[in-house]
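Following: one structure in structure tokens, then a few remarks.
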Amino acid sequence: MHRLPCTRVRIILKALLHSREATRLEARQLVTVPLAAMQISGGRFAVRNASPTRMVRLFLGAHAPGLCASVTAASSSGGGSAATAAPAADLVSWVQEAGGSTAGVVVRRDESGFGLAAAQDCGPGATLISLPQRCHLTYDGSTDPRLLALIDQVPAELWGAKLALQVVAHRLLGQASPYAAYVNNLPMGVAGLPIFFNGEALGTLQYPPVTEQVKKRCRWLLSFTQQVLGPLRGTDRDPFEGAEVDANALGWALAVVTSRAFRTRGPGQPASLLPLVDMSNHSFEPNAKVVPGPGGSMHMVALRELHAGEDVLISYGGLSNDFLLLDYGFLVPGNLYDTVQLRFDRGLIEAAKAVAGVGSTGGQADDPTSDELPPLPAWQQRELAALQLAGPDANTEVNIRRVSAQGQAAEAAAGAAAGSPADARLLAALRVLCAPSEAALCGRSGAERLGRWDAPLAAPAAELAALRTLTGLCAIALSQFKGTVEEDIALLAASKAAGQQAQQQGGEQQEQQRQLTPDEELAVRFRMDKKELLLEALAITSRRIKQLAAAASPSGSGGGKAAGGKAAGGSKGKVPASKGGGRGFAKP
């Protein structure tokens, strides 16, 4: 191993700074306006500065005026004028008339939307809701063949869009739909979903794995509605009977589906909407769950003792904040399932080594005038391929992840790691690239054996190099965000103060501080949580470095300083980057 030449560091630094600025430029330029604000060529709703809710109202007003009125009335329930009416009373009656049971819950509604609460005290295992199969909104062989033909044209990864087409069809049927009571109670807008963010809010995320996914969904919506639905309109192959279904209408339906659908028949089967059940909110410590019942029914049952009036909460799954934000429009601070996605690239690893002061990898002498990295020895190439991080079928998405507070405490007390801040493939790859020879791996291979945090390499110097490289990766990932956690906290506090002042002054705000929109505030909290995750990973890895260095040194010291100093604090300091413009963050 040898040091990365200064010329190479400057080249990589230039590449990172260029890619970082390009990332921010893309976030401002590429399909970053809300769906309702998009200029749709030849579309009826080519309107700017209109909310998604307003666009759906226009859509319904044009194609289902009766339904529009009923939905508007349903959307206003829960306010003062409708306080005497139980929320979603028509939906509860519809489920009961279909043979279901809702005796275990009551529906609540406030400014944040619907929720469920226990109707009375009950014990674990008690059935709260029983929903017969006839109430599940999905698609199957009995669905209109014209609609099924459209559904077949949707990519499998956009499974929510397949069911969204069925939702649009039932919305257009109005009161003639057998699911009218359910469709009437669907929200007119889904707050917090990034596909409805404006350009400023989307750019505020500063996180390409999410912003790229948003752009991908928006591009698909525009392409599908213009190139597939547009030419079908009014033909005998049109399942919507001439109604104009543009990106706004389909985008609304997609948001409804992704924020409430269940995969009741498995990941390879069509998703289902479960009326009433889908009003339950999320918790990683749920007190209820949804289970299959006889005859294709689905039941919601209590996991523990519930008291009357207690919120009924289910888990949407062990999801990162990326998925929670993209599909549900919220995030969980300190989410133990959260990660920071990186795109594994040798140039990025060399940049991380440069940050950490670790020697470069390569079997040949480095040419300081070349932009190309020296080739890896055959054994390293073979190990990376075994990790599926090299070769034609490589999956280069790797993650830095959050370690629980309990795991951190156990590590600090016992000196043995309870959890790794790097996923197994990433840690294994770093060990491979920092090992001086194949013999240093001691016959270990693959993520299962090389990726164990509590099983370091036998050679202390190689293990320390791998861990220091991990701190360099964290530092580079932090440098992709503008500002520090403290600056984000101050921004949120200033926005709150500006809002309070505006209320006191009748809506006027001081010019020096603008109140953040709800979407912008959510974006700031999202990126702040990512920064905190990276800082936690840096702290855990630095502590591990000190432990191993102390164990390897007779004097109980040594091992050097962990990398990432200023960058680890979230500063705007410049750090080296990967060759070829790799930005570090993973692309979806």
Side-chain angles (χ1 to χ4, degrees), residues 1-5 8-16 19-20 340-364 366 370-391 394-401 420-438 440-441 447 450-451 457 461-480 534 537-538 541 545 562-564 567-568 575-587:
M1 302 201 323
H2 48 279
R3 295 285 179 185
L4 200 64
R8 177 65 48 71
V9 172
R10 286 195 293 270
I11 292 171
I12 295 176
L13 171 60
K14 183 177 179 180
L16 175 61
S19 69
R20 183 177 174 184
V340 170
Q341 292 182 30
L342 301 176
R343 177 164 48 86
F344 183 87
D345 175 82
R346 190 177 160 212
L348 175 64
I349 302 304
E350 295 301 331
K353 288 185 174 186
V355 171
V358 175
S360 178
T361 305
Q364 302 177 8
D366 207 4
S370 173
D371 288 353
E372 297 296 326
L373 290 166
L376 292 173
W379 69 269
Q380 287 182 324
Q381 296 181 34
R382 185 172 61 252
E383 291 296 335
L384 291 180
L387 294 168
Q388 292 187 302
L389 292 173
N395 172 16
T396 59
E397 180 186 312
V398 292
N399 295 283
I400 296 173
R401 60 193 187 188
S420 170
D423 71 36
R425 290 198 309 143
L426 174 57
L427 182 58
L430 295 179
R431 285 170 170 164
V432 167
L433 293 176
C434 290
S437 66
E438 186 174 10
L441 301 181
L450 273 175
L457 294 177
E463 180 69 11
L464 288 170
L467 294 179
R468 290 189 181 115
T469 303
L470 178 57
T471 66
L473 282 175
C474 292
I476 289 175
L478 273 169
S479 76
Q480 303 294 280
L534 290 167
L538 267 169
T541 308
I545 289 172
V575 296
S578 56
K579 280 195 172 183
R583 70 189 64 165
F585 285 125
K587 280 189 177 182

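In this text the structure is predicted, and so the values were computed from the model without any measurement. All values below come from the heavy atoms of this structure, side chains included, with hydrogens, waters and symmetry mates left out.
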For this session: Output, in order, the C-alpha distance, side-chain angles, deciding distance and verdict of side-chain contact (heavy atoms from CB on, under 4.5 Å) for Asp345 and Thr396.
Result: CA-CA 7 Å; Asp345 175 82; Thr396 59; over 6 Å; no

For this session: I would like to know whether Val398 and Leu389 meet side-chain contact (heavy atoms from CB on, under 4.5 Å); could you show each step before the answer?
Result: CA-CA 9 Å; Val398 292; Leu389 292 173; 3.9 Å; yes

For this session: Applying side-chain contact (heavy atoms from CB on, under 4.5 Å), run through Leu457 and Leu450 and close with a yes or a no.
Result: CA-CA 8 Å; Leu457 294 177; Leu450 273 175; 4.1 Å; yes

Exercise. After noting the C-alpha distance and the side-chain angles of Leu384 and Leu376, does the key distance pass the side-chain contact (heavy atoms from CB on, under 4.5 Å) rule?
Worked result: CA-CA 10 Å; Leu384 291 180; Leu376 292 173; 3.7 Å; yes

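Here the closest non-hydrogen pair linking Leu534 and Ala477 is CD1-CB, 3.7 Å. Across all their heavy atoms, Leu426 and Leu470 have their closest contact at CD2-CD1, 4.4 Å. Nearest approach of Ala424 to Ala447, heavy atoms of both residues: CB-O, 3.9 Å. Nearest heavy-atom pair across Ala537 and Pro421 is CB-CB, 3.7 Å. The two residues Gly451 and Arg431 have their closest heavy-atom pair at C-NH1, 4.1 Å. Looking at every heavy atom in both residues, Leu473 comes nearest to Ala352 through N-CB, 3.5 Å.
Atom CD of residue Glu350 and atom CG of residue Leu373 lie 5.5 Å apart, to the nearest 0.5 angstrom. Note that CG of Asn395 is 11.5 Å distant from CG of Leu387, once rounded to the nearest 0.5 Å. The line from CD1 of Ile400 to CG of Leu342 is 4.5 Å long, rounded to the nearest 0.5 Å. Rounding to the nearest 0.5 angstrom, the gap separating the CD atom in Glu463 from the CG atom in Leu430 is 9.5 Å.
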